[in-house]
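Below, all heavy atoms of this structure are taken into account, side chains as well, without hydrogens, waters or symmetry copies. All values derive from a computational prediction rather than experimental measurement.
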Amino acid sequence: MQEAFLVFITKISLYPTIIFTGLVMFVTLYWVVSLLGMTDMDSVDLGDAGGDVDVSNLSSTGFFTGLMLKFGLYGVPLIIILSLISLIGWLLSYLYTSFLHQNVDSGILYYLFGTGALIFVLVVSMWLTGLIISPIRKNIAKIPKRNSSSNVGKIAVVRTLSVTDKHGEAVLNDGGAGLILKIRSDMSDNQLKQGDKVVLVEYLDDANTYRVTPVKDK
């Protein structure tokens, strides 16, 4: 058992698998931190998820944005996209390391073949991720959108460890499982913390967030 474990550790540490191993460790850590309420999740906003995105002309967008659009990597939280790409890439690169790469273990060919495999695996991972999230994105688009401004004036509870002008989330009791909302605060002296009650004073449509103030004790 110990020998098999050592072999496994060796394989996931080889190039190019080591790159996807690092990505898997990163997204795993992010999920843990997010569940603990230490960060919030943002979506990749590359256009209306419910509409048709024009990918025929990518010259007007950045290379990275155009690439994401080309593979359909939008409309869901970025961390989900990264998680899928990392897991699929890790599995494919691990298979490459286990079966195809064992006869070339050093020298220029090692890195030449490894780099080629890295590019191929990354492209395939992005393509498969786009296929996986496509129905999710379409189903999200079919959900009737609530009037977010109607939440203004309601009281929510901070779920992240802190709230700043760039980061923060709160839970709003909607009679069901609760709504997780992105919130922002301009406070500098009395920083909001996890568990504090806040009033949603303004909805920022462009950022899909709420500006909040603390509930004053009577």
Practice task
Establish whether Leu23 and Val123 are linked, either directly or via other cluster members, by ILVMFWY side-chain heavy-atom contacts under 4.5 Å.
Solution key: yes
Problem - Test item: Val215 and Ile155 side chains (from C-beta on) under 4.5 Å apart, heavy atoms - result: yes
Handout entry: Residue pair Ile133 / Leu84, side-chain heavy-atom distance below 4.5 Å
Key = yes
Handout entry: Test side-chain hydrogen bond (donor to acceptor under 3.5 Å, both in side chains) applied to Tyr96 and Thr17, step by step
Key = CA-CA 8 Å; Tyr96 165 77; Thr17 309; over 6 Å; no
Handout entry: Distance in Å, Lys193 NZ paired with Ser162 OG, rounded so as to fall on 0.5 Å steps
Key = 11.5 Å
Handout entry: CD1 on Ile18 to NZ on Lys11, rounded to 0.5 Å
Key = 15.0 Å
Exercise for the section: Would you check if the distance from the ring center of Phe20 to the ring center of Phe26 is below 6.0 Å? Expected result: no
Handout entry: Leu91 side, atom CG; Ser86 side, atom OG - distance, nearest 0.5 Å
Key = 12.5 Å
Problem - Side-chain touch Val76/Ile81, heavy atoms, less than 4.5 angstrom - result: yes
Practice task
Return yes when atom NZ of Lys154 has more than 12 non-hydrogen atoms of other residues, nucleotides or ligands closer than 6.0 Å, and no otherwise.
Solution key: yes
Practice task
State, with a plain yes or no, whether a side-chain heavy atom of Leu78 is found less than 4.5 Å away from one of Met68.
Solution key: yes
Handout entry: Taking every non-hydrogen atom, the tightest pair across Gly114 and Pro16
Key = O-CG, 3.6 Å
Handout entry: Note, Asp196 side chain near Val157 side chain (heavy atom, < 4.5 Å)
Key = no
Handout entry: Main-chain N/O of Ala170 paired to Tyr210 side chain as donor or acceptor, under 3.5 Å
Key = no
Exercise for the section: Output the distance between atom CG (Leu14) and atom OH (Tyr94), rounded to the nearest 0.5 Å. Expected result: 10.0 Å
Problem - Rounded distance [0.5 Å steps], CD1 in Ile85 versus CH2 in Trp127 - result: 14.0 Å
Exercise for the section: Decide yes or no on salt bridge (charged side-chain N to carboxylate O under 4.0 Å, His left out) for Glu169 and Lys182, but give the supporting numbers first. Expected result: CA-CA 5 Å; Glu169 284 184 349; Lys182 296 179 184 179; over 6 Å; no
Practice task
Evaluate the side-chain proximity of Val158 to Ile183: yes if any heavy-atom separation is below 4.5 Å, no if none is.
Solution key: yes
Problem - Ser134 and Leu131, any side-chain heavy atoms less than 4.5 Å apart - result: no
Exercise for the section: Check whether Leu87 and Leu92 end up in the same hydrophobic cluster, where Ile, Leu, Val, Met, Phe, Trp and Tyr are linked by side-chain heavy atoms less than 4.5 Å apart. Expected result: yes
Handout entry: Residue pair Val27 / Ile79, side-chain heavy-atom distance below 4.5 Å
Key = yes
Handout entry: Shared hydrophobic cluster, Val124 / Leu122 (ILVMFWY, side-chain heavy atoms < 4.5 Å)
Key = yes
Handout entry: Shared hydrophobic cluster for Tyr30 and Met25 (ILVMFWY, side-chain gaps under 4.5 Å)
Key = no
Problem - Smallest separation among heavy atoms of Ile12 and Ile9, with atom names - result: CG1-O, 3.2 Å
Exercise for the section: Would you give the length of the straight line joining atom NE2 of His167 to atom CZ of Arg184, rounded to the nearest 0.5 angstrom? Expected result: 8.0 Å
Handout entry: Thr115 to Tyr15 - nearest heavy-atom pair and separation
Key = OG1-OH, 2.9 Å
Practice task
Tell me whether Leu204 is reachable from Leu200 by hopping between hydrophobic residues (I, L, V, M, F, W, Y) whose side-chain heavy atoms are closer than 4.5 Å.
Solution key: no
